[in-house]
Amino acid sequence: QVQLVESGGGLVQAGGSLRLSCTATGSIFSIGAMAWYRQAPGKERELVAHITSDGSTNYADSVKGRFTISRDNTKNTVYLQMNSLKPEDTAVYYCNADITHYSGAANDRGAYWGQGTLVTVSS
């Protein structure tokens, strides 16, 4: 059983910083790309940042220059460092990972989601 466990959300004032972490656990063979998504009230889920297995990154225009995605492959963990936070960053943040895991006689590959962590930025 593969799970993604998130932490680091909370309440912060505008201009402040938070660091989100997401760790994959279970019988993991390998992890490909990892990403952070967010969903604000009344809006669709959107891609915030994406990182490949070798470290190439992409960001949504709304967060570029303020957020940094990184990963530690030895810990099966992806991070999102969020600086200069704005009220419009308020959302539930979800991590996502392309994971190949052991499953009986064969391995399975699929996209897995974290449980979500709430980030609230006050003005």
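Shortest non-hydrogen contact noted between Ala91 and Leu118 is O-CD1, 3.6 Å. Scanning both residues, Gln115 and Val5, for their nearest heavy atoms gives OE1-CA, 3.8 Å.
If you chain together ILVMFWY residues whose side-chain heavy atoms come under 4.5 Å of each other, Phe29 ends up grouped with Tyr102. In the hydrophobic clustering (ILVMFWY side chains linked at under 4.5 Å, chained through shared members), Leu80 is joined by Val2, Leu4, Val12, Leu18, Leu20, Ile28, Ile31, Met34, Trp36, Val48, Ile51, Tyr59, Val63, Phe67, Ile69, Val78, Met82, Leu85, Tyr93, Ile99, Tyr112, Val119, Val121.
A 6.0 Å sphere centred on CZ of Arg45 holds more than 12 heavy atoms belonging to other residues, nucleotides or ligands.
Between Cys22 atom SG and Glu6 atom CD the span is 5.0 Å, to the nearest 0.5 Å. With rounding to the nearest 0.5 angstrom, the OG1 atom of Thr68 is 6.5 Å from the CG atom of Asn83. For the atom pair NZ (Lys86) and OG (Ser123), the distance works out to 14.0 Å, reported to the nearest 0.5 Å. With rounding to the nearest 0.5 angstrom, the CG atom of Asp89 is 7.0 Å from the OG atom of Ser62.
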| task | Test side chain to side chain donor-acceptor pair (under 3.5 Å) on Asn73 and Arg71 and set out the steps. | result | CA-CA 6 Å; Asn73 291 331; Arg71 64 191 291 167; 2.7 Å; yes
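Side-chain atoms of Glu46 never come within 3.5 Å of backbone atoms of Arg38 as a donor-acceptor pair (strictly under, hydrogens ignored).
Applying the side chain to side chain donor-acceptor pair (under 3.5 Å) test to residues at least two apart or on different chains, the pairs with a partner in residues 19-34 are Thr23-Thr77.
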